[in-house]
Visitor: 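Sending over a structure as structure tokens; questions will come in a sec.
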Amino acid sequence: MEKGAYDVNAIEKKWQEHWEANKTFKTWDPACIDPESPCDGSKPKYYVLDMFPYPSGQGLHVGHPEGYTASDIVARYKRMKGFNVLHPIGWDAFGLPAEQYAIQTGTHPAQTTQRNIDNMRRQIKSLGFSYDYDREVDTTDPNYYKWTQWIFLKFFNSYFDEAEQKARPIDELPIPEALSGEERRKYIDEHRLAYESEAPVNWCPALGTVLANEEVVGGLSERGGHPVIRKPMRQWMLRITKYCERLLEGLDEVDWPESIKKLQFDWIGKSIGAEVDFKVDGREDVIRVFTTRPDTLFGATYMVLAPEHPLVDVITTADRKAAVQQYREGASRKSDLDRTDLAKEKTGEPTGAYALNPVNGERIPIWISDYVLISYGTGAIMAVPAHDERDWEFATKFNLPIIQVVAPREPVEGCFAGEGVAVNSGDFTGLSTAEFKLKITDWLEEEGLGTRAVNYKLRDWLFSRQRYWGEPFPIIHAQDGEVVPLSEGDLPLTLPEVEDYKPMGTGEPPLAKSADWLNVTLPDGRKGTRETNTMPQWAGSCWYYLRYMDPDNAEAAFAKAKEEYWMPVDLYIGGAEHAVLHLLYSRFWHKLLYDLGYVSMPEPFKKLINQGMILGEDGQKMSKSRGNVINPDNVITQYGADSMRLYEMFMGPLEATKPWNMQGVEGVHRFLNKAWRLMVDEETGELAAAVQDVPADEATTRLLHQTIKKVGGDVESFGFNTAISQMMIFVNHMMRLDARPKDALEKFVLVLAPFAPHVAEELWQRLGHDETLAYEPWPQYDPELVKEKEIELAVQVLGKIKDKIVVAADAGEDEIKETALASEKVQAAMGGKTPKKVIVIKSRLVNIVV
RNA sequence: GCCGGAGUGGCGGAAUGGCAGACGCGCGGGAUUCAAAAUCCCGUCCUGGCAACAGGGUGUGGGUUCAAGUCCCACCUCCGGUACCA
């Protein structure tokens with residue numbers, strides 16, 4: 001230990017042990033719920049949540065403690081402000097790395113996971129976060145995933161009531177009387193919110209699993225960047241699309257960064273338009289298209305079907321069959337990556353068939369092309385090349401006619417996709433785009449040719465993975481084809497032991513390797529096999545914030561009374577990378593639980609903050625290959641957890657991306673040492689002689705009250721960096737005093753405590769207190785004492801500063817004016833002219849206009 | 001392409017439309033020391049000047065205003081997200 005520095009490691013260890021031994025941060029439910037509880041039920045509650053980490057073998061990186069420190073400061077601050085604070089932590093522990101390791105080494109993923117959790121818990125504890133570790137959850141614990149499976153059964157056993165726009169138990173589903181037996185069963189299965197589907201999916205051969213749309217980025221897997229191809233497979237899906245509208249509406253209620261809301265808004269991708277029927281010339285078949293621009297119907301010069309569209313086989317003429325078939329096969333084999341790459345050059349084939357434009361009877365050719373997606377809208381479009389960039393490109397390449405039907409306000413080259421005035425549009429000519437849309441939609445509805453329609457980009461959530469290390473589905477496939485859910489009493493369905501963890505290449509998951517587990521006999525004697533897919537990693541994180549409220553409950557996922565007390569999450573801090581994945585999925589789950597009456601509010605996360613990324617010292621993203629990774633353990637050993645916490649907050653605004661700088665850690669470490677020496681004698685280790693029971697002088701009192709005000713206000717608005725600056729100013733001031741008023745120092749220690757809790761506790765104790773300061777009331781400031789007595793004003797002439805004057809804080813406008821005009825420098829700058837106008841901004845400046 | 005966010009000293013950053021650069025890092029000088037480390041004090045936006053001081057300055061160009069880093073318009077650069085969604 002250097003001279004002038006306190007013994008960081010000893011003090012931090014001492015207090016971490018103290019908190020643990022005394023259960024300082026145990027969170028009690030209010031006495032009305034738990035009769036044993038010492039918690040005063042009249043206290044307001046505050047739920048501060050961190051996005052729980054994946055326990056990786058790498059352990060914590062410096063990005064984790066950033067959000068965790070911010071939330072810990074808020075949690076500690078709120079406790080001092082008299083809130084009953086829930087501040088938990090847990091482990092999002094299912095996931096690929098542990099399974100990949102198992103495939104390579106044969107180590108059970110549970111073992112690897114446990115080891116990683118233990119290491120990360122150690123690291124997190126070493127930072128002195130005030131979590132209630134009795135509430136830890138681990139998504140891989142059967143006592144936890146029992147309830148994940150339970151929620152899955154809720155999805156399975158529910159349908160969506162369109163009229164009420166909410167989920168209801170499947171028993172309440174109205175079933176057409178005519179149906180019975182197999183048909184009836186099929187009807188019910190088709191309405192479940194969890195359903196099976198044989199659909200083309202994102203298959204990643206390298207990972208041996210399918211991926212959700214959200215996990216595929218630019219045709220490559222989000223994890224690992226492996227190619228992804230489309231392949232039809234049987235999969236479990238969750239009907240998130242039923243909730244599009246409510247997921248959009250809910251965004252209005254929450255206090256989230258606008259950018260995140262917009263990301264979700266765009267991901268859901270609502271578009272309003274019309275569906276229009278085009279008759280196929282010479283046939284009874286009708287092609288239905290979706291368009292957001294029904295006002296351009298007169299400009300539709302051809303149609304395009306997605307290669308997978310069911311009518312392609314029906315309408316293709318004999319002479320086109322071979323070419324069309326070849327194109328379809330090519331498209332189906334293309335990976336998403338290829339499709340994206342080839343996006344620059346449009347391809348397609350005419351089917352030989354023609355359609356009739358419903359507005360003018362024009363005969364227009366029908367093509368197929370992979371620029372039309374089967375999964376959006378109706379899988380078919382009317383092409384209006386004059387007013388759609390993609391159609392323009394296609395029409396230009398294949399020499400298809402282009403007819404202008406919208407006149408732009410100012411002439412433009414090429415395609416015009418904006419709004420304007422209709423031309424070449426029969427009776428509708430002359431209408432504005434907006435008017436046209438309304439009129440033509442009405443007309444289409446009257447004529448029975450179309451209808452207004454809404455489409456969403458969001459697709460149903462592909463909810464199964466061909467992996468070992470995930471929650472097993474509580475589902476049995478009976479021999480006769482019926483899908484039978486386990487009863488709630490049979491949960492949890494635990495993972496079987498298997499000899500090895502490799503997927504079977506064919507897409508058959510590793511669970512199929514365990515025959516004992518796989519084959520079952522149902523209570524009614526039928527034989528069946530268990531579902532061998534497992535749930536995706538997102539499943540466990542969809543509801544963990546609810547389990548924290550009641551982590552040991554064996555009877556329910558959580559008790560209703562506890563949910564009513566603690567929810568919603570008042571503050572949720574985590575990385576922006578979860579903007580559309582975790583945050584959308586968990587909102588969806590929450591809404592199901594809300595519909596079924598298990599939770600009391602439709603939105604789980606009231607306020608959301610994204611911490612920014614921390615870059616390496618070279619300003620680049622931290623990565624092993626660049627060798628610029630900062631290991632928190634090393635920083636803590638060298639400078640201590642308090643310095644680590646303080647530095648992470650001092651670097652800049654929480655949301656910003658900012659580079660690490662080891663010398664900056666030194667800087668805050670010096671500040672803590674200074675604060676220490678303010679109160680402790682370096683030589684003797686006793687309380688410094690300068691610490692005295694004397695009243696603070698005026699300047700000190702004022703600065704103290706300013707500091708209490710500033711730090712409190714900054715914590716409330718998450719401006720941690722400026723709060724720390726203010727504390728530095730206070731310490732710099734106190735250092736100069738020979739007699740340091742003890743009362744002011746005590747208040748300062750309390751203010752410092754949420755940021756640097758270890759050193760604050762130690763100083764608090766040395767100042768003569770026996771109890772932890774964690775529940776000491778946050779010091780109050782007196783608004784009167786915050787005010788300066790005398791203030792310096794800048795005096796400007798024509799906006800340029802010429803002099804500074806000092807006046808009493810309560811000086812009137814006239815007095816200030818007089819003082820300002822009396823200044824020699826001001827007189828000189830005015831050059832004898834008379835002031836035209838004198839602007840006095842109290843406590844700021846004076847501007848003289850001549 | 002489109003959608004976000006950001007451009008302020010050598011660096012991280014601070015500034016309800018009101019004194020640009022708080023606080024910290026770094027750097028320069030001094031004190032202390034046999035010396036160093038640590039600590040303390042002074043200085044540190046740029047240009048000119050010994051100095052008092054003068055002039056310039058928040059990516060670029062315009063505008064609004066008594067007053068613009070902050071508001072408006074156009075543009076440039078960087079970072080992040082996204083990709084044929086009709």
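Lettering of chains follows the sequences in order, A, B, ..., and the numbering in each one begins at 1.
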Visitor: So A/Ile801, base contact, sugar-phosphate only, or nothing? Heavy-atom distance under 4.0 Å.
Guide: sugar-phosphate
Visitor: Would you indicate what A/Ile841 reaches in the nucleic acid, counting non-hydrogen atoms under 4.0 angstrom: base, sugar-phosphate, or nothing?
Guide: base
Visitor: Of the nucleotides B/C19, B/A86, B/G26, which has the atom closest to the A/Tyr376 side chain?
Guide: B/A86
Visitor: My understanding is that a pair needs two contacts under 3.5 Å, Watson-Crick or G-U wobble. By that rule, which nucleotide pairs with B/U16?
Guide: none
Visitor: From CD1 of A/Ile729 over to C1' of B/A15, roughly how many Å is that when rounded to an integer?
Guide: 13 Å
Visitor: Counting only side-chain N and O atoms of A/Asn661, is one of them less than 4.0 Å from OP1 or OP2 of B/G13?
Guide: no
Visitor: Look through every strand shown and name the nucleotide pairing with B/G48 as Watson-Crick or G-U wobble, where both distances are under 3.5 Å.
Guide: B/C53
Visitor: From B/C3, B/G55, B/G81, pick the nucleotide closest to the side chain of A/Leu263?
Guide: B/G81
Visitor: Counting any heavy atom closer than 4.0 Å, what does A/Glu258 reach on the DNA or RNA strands: base, sugar-phosphate only, or nothing?
Guide: nothing
Visitor: Within this structure, what is the CD-to-C1' distance between A/Glu389 and B/A83, rounded to whole angstrom?
Guide: 14 Å
Visitor: Atom NZ of residue position A/Lys261 - does it have more than 12 heavy atoms of other residues, nucleotides or ligands inside 6.0 Å?
Guide: yes
Visitor: Roughly how many Å is it from NZ in A/Lys674 to P in B/C25, rounded to a whole number?
Guide: 7 Å
Visitor: Among the candidates B/G18, B/G4, B/A86, find the nucleotide nearest to the side-chain atoms of A/Lys262.
Guide: B/G4
Visitor: Taking the side chain of A/Lys621 as heavy atoms from C-beta outward, which of B/G80, B/G24, B/A86 is closest to it?
Guide: B/G80
Visitor: Do A/Thr707 and A/Ile729 have side chains that get closer than 4.5 Å, going by heavy atoms?
Guide: no
Visitor: State whether A/Arg844 places a side-chain N or O below 4.0 Å from either non-bridging phosphate oxygen (OP1 or OP2) of B/G17.
Guide: no
Visitor: For atom C1', what is the distance between B/C45 and B/G10, given to the nearest Å?
Guide: 11 Å
Visitor: Write down the partner of B/U39 under the Watson-Crick or G-U wobble criteria, each distance required to be under 3.5 Å.
Guide: B/A31
Visitor: Counting only side-chain N and O atoms of A/Asn673, is one of them less than 4.0 Å from OP1 or OP2 of B/A38?
Guide: no
Visitor: Of the nucleotides B/G56, B/A86, B/A67, which one has an atom closest to the side chain of A/Thr291?
Guide: B/A86
Visitor: Look through every strand shown and name the nucleotide pairing with B/U70 as Watson-Crick or G-U wobble, where both distances are under 3.5 Å.
Guide: none
Visitor: Taking atom P of B/U39 as reference, at what distance in whole Å does atom CG of A/Leu672 sit?
Guide: 13 Å
Visitor: Among B/C40, B/G26, B/C66, which nucleotide has an atom closest to any side-chain atom of A/Arg670?
Guide: B/G26
Visitor: Applying a 4.0 Å non-hydrogen cut-off, can you work out what A/Asn455 is touching in the nucleic acid: base, sugar-phosphate, or nothing?
Guide: nothing
Visitor: B/C75 pairs with which nucleotide, Watson-Crick or G-U wobble, both distances below 3.5 Å?
Guide: B/G59
Visitor: A/Phe290 side chain: which of B/G12, B/C66, B/A86 is closest?
Guide: B/A86
Visitor: Which part of the nucleic acid, if any, lies within reach of A/Lys842 when heavy atoms closer than 4.0 Å are counted: base, sugar-phosphate only, or nothing?
Guide: nothing
Visitor: Tell me, yes or no, whether the heavy-atom count around A/Lys397 atom NZ, taken from other residues, nucleotides or ligands under 6.0 Å, exceeds 12.
Guide: yes
Visitor: Which one, B/G18, B/C23, B/A14, comes nearest to the side chain of A/Asn721?
Guide: B/A14
Visitor: Closest approach to the side chain of A/Lys658, judged atom by atom: which nucleotide of B/G12, B/A67, B/C3 is it?
Guide: B/G12
Visitor: Which whole-number value in Å describes the distance from A/Tyr6 OH to B/A38 P?
Guide: 17 Å
Visitor: Is there a Watson-Crick or G-U wobble partner for B/G10 with both distances under 3.5 Å, and which nucleotide is it?
Guide: B/C25
Visitor: So if I take every side-chain heavy atom of A/Ser271 and compare against B/A86, B/G4, B/U16, which nucleotide ends up nearest?
Guide: B/A86
Visitor: If the plane angle is over 60° it's perpendicular, under 30° parallel, otherwise tilted; pick one for A/Phe394 and A/Trp367.
Guide: perpendicular
Visitor: Contact class for A/Lys836 (heavy atom, under 4.0 Å): base, sugar-phosphate, or nothing?
Guide: nothing
Visitor: Start with the C-alpha distance between A/Ile366 and A/Tyr302, add both sets of side-chain angles, then the distance that settles side chain to side chain contact (heavy atoms under 4.5 Å, CB included), and finish with yes or no.
Guide: CA-CA 6 Å; A/Ile366 305 169; A/Tyr302 65 101; over 6 Å; no
Visitor: In whole angstrom, what separates A/Lys800's NZ from B/G57's C1'?
Guide: 11 Å
Visitor: RNA chain B: A/Met613 or A/Met728, which has the more 5' nearest nucleotide?
Guide: A/Met728
Visitor: Using the C1' atoms only, state how far B/G17 lies from B/G5, rounded to an integer number of Å.
Guide: 23 Å
Visitor: Using only modelled atom types and a 3.5 angstrom limit, is any donor from either the side chain of A/Lys837 or the base of B/C66 paired with an acceptor on the other?
Guide: no
Visitor: Under a 3.5 Å cut-off for both contacts, is B/C2 paired Watson-Crick or G-U wobble with anything, and if yes, with which nucleotide?
Guide: B/G81
Visitor: For A/Lys457, which contact category applies under a 4.0 Å heavy-atom criterion: base, sugar-phosphate, or nothing?
Guide: base
Visitor: Looking at A/Ala675 and A/Phe748, what are the two nearest heavy atoms and their distance?
Guide: CB-CE2, 4.2 Å
Visitor: Describe the nucleic acid contact of A/Thr657 in one word from base, sugar-phosphate, nothing, applying a heavy-atom distance below 4.0 Å.
Guide: sugar-phosphate
Visitor: Here's a test of your reading of the structure: between A/Ile724 and A/Asp391, which maps to the more 5' nucleotide of RNA chain B?
Guide: A/Ile724
Visitor: To the nearest Å, how far apart are A/Gln796 CD and B/A20 P?
Guide: 7 Å
Visitor: Any chance the side chains of A/Tyr371 and A/Asp391 put a donor and an acceptor closer than 3.5 Å?
Guide: yes
Visitor: Using the C1' atom in both, what is the distance from B/G80 to B/G26, to the nearest Å?
Guide: 30 Å
Visitor: Parallel, tilted or perpendicular for A/Tyr6 and A/His669, by the 30°/60° rule?
Guide: tilted
Visitor: Across the strands shown, which category fits A/Asn732 at heavy-atom distances under 4.0 angstrom: base, sugar-phosphate, nothing?
Guide: sugar-phosphate
